[in-house]
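Reviewing the structure listed below.
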Amino acid sequence: MSSVKMVVATDLHGQILPFDYVHAKPFPGGLSKVSTFLKKQRQEALTLFFDNGDAFQGSPLTFYAHRFFGNKINPVVEAYNEMGLNGMCVGNHEFNYGLRYLTEIENQAKFALLSANIQEELNGQTKWLPFKVYRFGEWSMGVIALTTPAIEDFDLPWKWKGLRFENPIKVAKSLVSQLKDQQVDVIVVLAHSGIEYDPLKRRRVSESSKENFVYSLATKVPGIDAIVFGHTHRAFGPYKLNNTILVQPPAYGKGVALIEIADGKITRVQNVDLYGIEDDPEILDMFWSEHRKTNDWINEVIGIASEDFVSDTWKLASEPVSNLYLDVLRYATENEIAMHPPSPFEPITIKKGWLTRRDAFNLYPFDNEPVVLKITGNTLKKALEWNARYYHLVCATPSGSIRPVRHPFVKTYNFETVGGLEVIYDLTEPWGNKVRKAKYMGSELHSRQNYWVSLTSYRASGAGGFTMLKNQPIEFYSPELLRDYFEKYLSEKGTISPRKERNWWFVANSFTLC
């Protein structure tokens with residue numbers, strides 16, 4: 001066997017069908033398109049098929065299946081079993097429902113879960129297969145899987161209890177050496193991690209080398225022929241760095257990586273866009289019933305908005321949508337002080353009229369639970385100070401106005417809006433002194449006094465660099481999702497109206513930036 005192909009999808013997030021449930025319109029991706037492409041490749045040559053993580057969580061269809069289908073096989077697992085998946089690198093979102101659920105997934109799958117740097121604490125053995133080796137006549141290929149160790153910063157400890165996340169660079173050096181000793185000709189790494197330094201732009205693109213380590217992997221571990229990575233949802237490459245080819249395919253089944261190998265050497269690497277490709281009718285038919293049930297469920301009315309909720313001062317000051325997030329979080333926790341991202345990716349407008357579960361998924365695309373931490377005033381001020389890094393400087397516009405400039409490394413969902421406090425950030429002050437005012441019930445925060453603060457489970461884990469919140473005492477936790485509490489909140493209120501009070505904002509000297 002002289003010629004072999006390898007197809008890799010990443011960050012599918014449950015997108016099986018070409019339909020956007022949240023916006024009720026066709027979607028230019030999904031496993032139905034991947035399946036068509038995969039079948040074509042298999043007609044031409046022996047083709048291996050891998051997934052690079054974050055496959056099971058993220059779409060209304062997979063959530064509906066998780067919530068209502070009981071012991072029925074997970075839809076993504078069912079599709080991958082049908083498509084003949086060879087293996088899957090474990091991603092961070094695989095842990096969202098806990099290790100027990102992931103074990104159920106593993107039992108349903110006809111393919112292997114892979115991760116070389118996730119170990120069991122009790123015996124030091126890898127939890128899943130660290131790599132697979134394929135032999136084709138006179139040559140062979142090794143596929144190593146590595147997972148971002150930042151999972152311990154993304155999810156609460158009991159979701160990954162009993163596991164240890166090892167340094168992926170150290171693990172990769174050992175395994176590449178081991179495979180080379182076994183005379184393996186081609187080594188491909190599946191890395192569920194982003195790239196921390198962009199060699200094309202020649203600048204850092206991530207503030208965390210723990211979460212995103214692909215550049216370090218390519219430059220510090222010789223002997224890797226190709227790295228297919230994911231996690232950050234940004235298509236990249238193919239790009240050759242030293243002797244290693246880097247490629248990140250598009251997320252949600254919008255594209256795949258295609259590696260062609262002949263006689264023990266990689267001959268071609270492509271980042272294939274699947275836009276316009278036909279959908280596999282077998283996949284469409286397989287999930288038509290689930291699709292109809294999900295679509296009926298997500299379009300059910302759950303409340304009424306008396307008028308539009310507009311994010312007119314998004315991330316510059318409190319506004320109606322961010323206030324709604326805070327109101328739901330405080331409702332869920334029965335607590336006054338709260339911090340919550342103002343929206344996950346971009347400004348959200350809630351239209352006047354009927355609200356459905358589509359609005360709930362638009363507001364809450366991630367499966368976060370409510371948490372209350374008991375922290376000191378000193379810790380709370382550190383969190384607020386870290387929050388201010390979202391804008392790292394100010395500049396004057398040609399018209400003479402002053403506007404803030406967003407920090408290039410900080411993700412939109414790693415900024416927090418604040419409720420229950422009066423907070424003023426001054427962007428002209430040096431780091432460590434940007435919180436000009438932080439008052440609770442009219443008094444400045446006292447460094448030694450304890451405060452109870454409501455957060456998402458993601459933030460309470462210390463995610464987004466909020467390390468000062470990690471391992472703080474948890475006073476309240478609910479396994480119910482904030483999306484569920486939003487529905488309960490609407491059920492109790494019936495009709496919601498925009499709350500326009502402002503209790504936090506950014507300034508530059510005496511100029512208010514909104």
Side-chain angles (χ1 to χ4, degrees), residues 13-14 53-54 56-58 62-63 66-67 90-102 147-163 165 208 210-211 231 322 324-345 360-375 379-380 383-384 386-387 411-420 451-489:
H13 287 288
D54 284 3
F56 309 119
Q57 177 277 339
T62 52
F63 176 81
H66 172 66
R67 178 66 60 88
V90 175
N92 55 290
H93 280 287
E94 266 67 70
F95 291 86
N96 283 172
Y97 298 136
L99 194 53
R100 180 178 177 181
Y101 180 72
L102 188 49
T147 304
T148 175
I151 289 170
E152 58 189 7
D153 301 325
F154 295 159
D155 275 312
L156 295 168
W158 53 81
K159 293 190 177 183
W160 45 269
K161 184 178 180 181
L163 300 180
F165 302 92
S208 173
K210 179 181 180 181
E211 177 182 356
H231 181 58
S322 62
L324 177 61
Y325 278 118
L326 294 169
D327 290 344
V328 173
L329 182 54
R330 290 191 285 200
Y331 166 80
T333 58
E334 299 182 358
N335 185 55
E336 181 62 21
I337 303 175
M339 298 175 69
H340 192 289
S343 70
F345 301 113
F361 275 88
N362 192 29
L363 286 166
Y364 298 96
F366 302 117
D367 294 340
N368 282 309
E369 307 96 340
V371 176
V372 176
L373 298 183
K374 183 174 76 171
I375 59 178
T379 300
L380 180 51
L384 294 171
W386 182 252
N387 202 38
K411 304 297 183 184
T412 54
Y413 49 78
N414 283 329
F415 175 78
E416 297 284 279
T417 187
V418 183
Y451 298 87
W452 282 257
V453 181
S454 301
L455 302 150
T456 66
S457 52
Y458 175 77
R459 190 68 68 228
S461 302
F466 286 81
T467 56
M468 71 294 296
L469 301 177
K470 191 176 179 67
N471 299 321
Q472 295 290 341
I474 296 176
E475 296 293 300
F476 170 86
Y477 166 80
S478 172
E480 288 192 70
L481 302 177
L482 280 166
R483 191 187 303 124
D484 297 326
Y485 277 108
F486 174 68
E487 189 168 336
K488 288 183 178 181
Y489 180 79

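The figures here come from the full heavy-atom set of this structure, side chains too, leaving out hydrogens, waters and symmetry mates.
Counting heavy atoms from C-beta outward, Tyr458 and Pro341 have side chains that stay 4.5 Å or more apart. Looking only at side-chain heavy atoms (C-beta outward), Phe466 and Glu416 come within less than 4.5 Å of each other. For the pair Gln57/Glu94, no side-chain contact is recorded, criterion being any heavy-atom separation below 4.5 Å from C-beta on. Thr456 has its side chain out of reach of Tyr413: every pair of non-hydrogen atoms, C-beta onward, lies at least 4.5 Å apart. Taking the side chain as every heavy atom from C-beta outward, Leu156 and Tyr477 approach each other to under 4.5 Å. For the pair Met468 and Leu380, the minimum side-chain heavy-atom distance is 4.5 Å or more. Side-chain contact between His340 and Val328: absent, with no pair of heavy atoms (C-beta onward) separated by less than 4.5 Å. Inter-residue side-chain proximity for Asp484 and Arg67 is flagged as met; some heavy-atom pair is nearer than 4.5 Å.
Taking every heavy atom of both residues into account, Arg459 and Phe415 meet most closely at NH2-N, 4.1 Å. Summarising the geometry of Tyr101 relative to His66, their closest heavy-atom pair is CE1-ND1, 3.3 Å, with the distance given to 0.1 Å. Closest heavy-atom contact between Asn335 and Ser454: ND2-OG, 3.1 Å. Contact between Ser478 and Glu369 at its shortest, heavy atoms only, is O-CB, 3.1 Å. Nearest heavy atoms, Leu384 versus Met339: CD2-CE, 4.2 Å.
Remark: Thr148 OG1 to Lys210 NZ distance equals 8.0 Å, nearest 0.5 Å. Separating the OH atom in Tyr451 from the CD1 atom in Ile375 is a distance of 10.0 Å, to the nearest 0.5 Å. Between Ile474 atom CD1 and Lys374 atom NZ the span is 12.5 Å, to the nearest 0.5 Å. In this structure, NE2 on His13 lies 7.5 Å from CZ on Phe366, to the nearest 0.5 angstrom. Between the OH atom of Tyr489 and the CG atom of Leu329 there is a distance of 11.5 Å, given to the nearest 0.5 Å. Taking OG1 from Thr333 and CH2 from Trp452, the interatomic distance works out to 13.5 Å, rounded to the nearest 0.5 Å.
With His93 as reference, Asp54 is the one residue of Asp155, Ile151, Asp54 to meet the side-chain contact (heavy atoms from CB on, under 4.5 Å) rule.
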Let me see the working for Phe154 and Phe95 under ring-ring contact (aromatic ring centres under 6.0 Å, His included), right down to the final yes or no. CA-CA 9 Å; Phe154 295 159; Phe95 291 86; over 10 Å; no
I'd like to know whether Leu363 forms a side-chain contact (heavy atoms from CB on, under 4.5 Å) with Leu324, so could you lay out the CA-CA distance, the side-chain angles of the two residues, the decisive distance to 0.1 Å, and finally the verdict. CA-CA 10 Å; Leu363 286 166; Leu324 177 61; 4.3 Å; yes
Could you go through Arg483 and Asn368, starting from their C-alpha distance and side-chain angles, then the distance that decides it, and tell me whether this counts as side-chain hydrogen bond (donor to acceptor under 3.5 Å, both in side chains)? CA-CA 8 Å; Arg483 191 187 303 124; Asn368 282 309; over 6 Å; no
Would you sort out whether Val371 and Phe476 count as a side-chain contact (heavy atoms from CB on, under 4.5 Å), showing the intermediate values? CA-CA 5 Å; Val371 176; Phe476 170 86; over 6 Å; no
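Aromatic rings from Tyr97 and Phe56 are positioned such that their centres are separated by 6.0 Å or more. For Tyr325 and Tyr364, the gap between ring centers is short of 6.0 Å.
Between the side chain of Ser461 and the backbone N or O of Ala463, no donor-acceptor pair lies under 3.5 Å. Of the possible donor and acceptor atoms, one in the side chain of Lys470 sits under 3.5 Å from a partner among the backbone N and O of Glu152.
With no hydrogens or angles considered, a side-chain donor-acceptor pair links Glu211 and His231 at under 3.5 Å.
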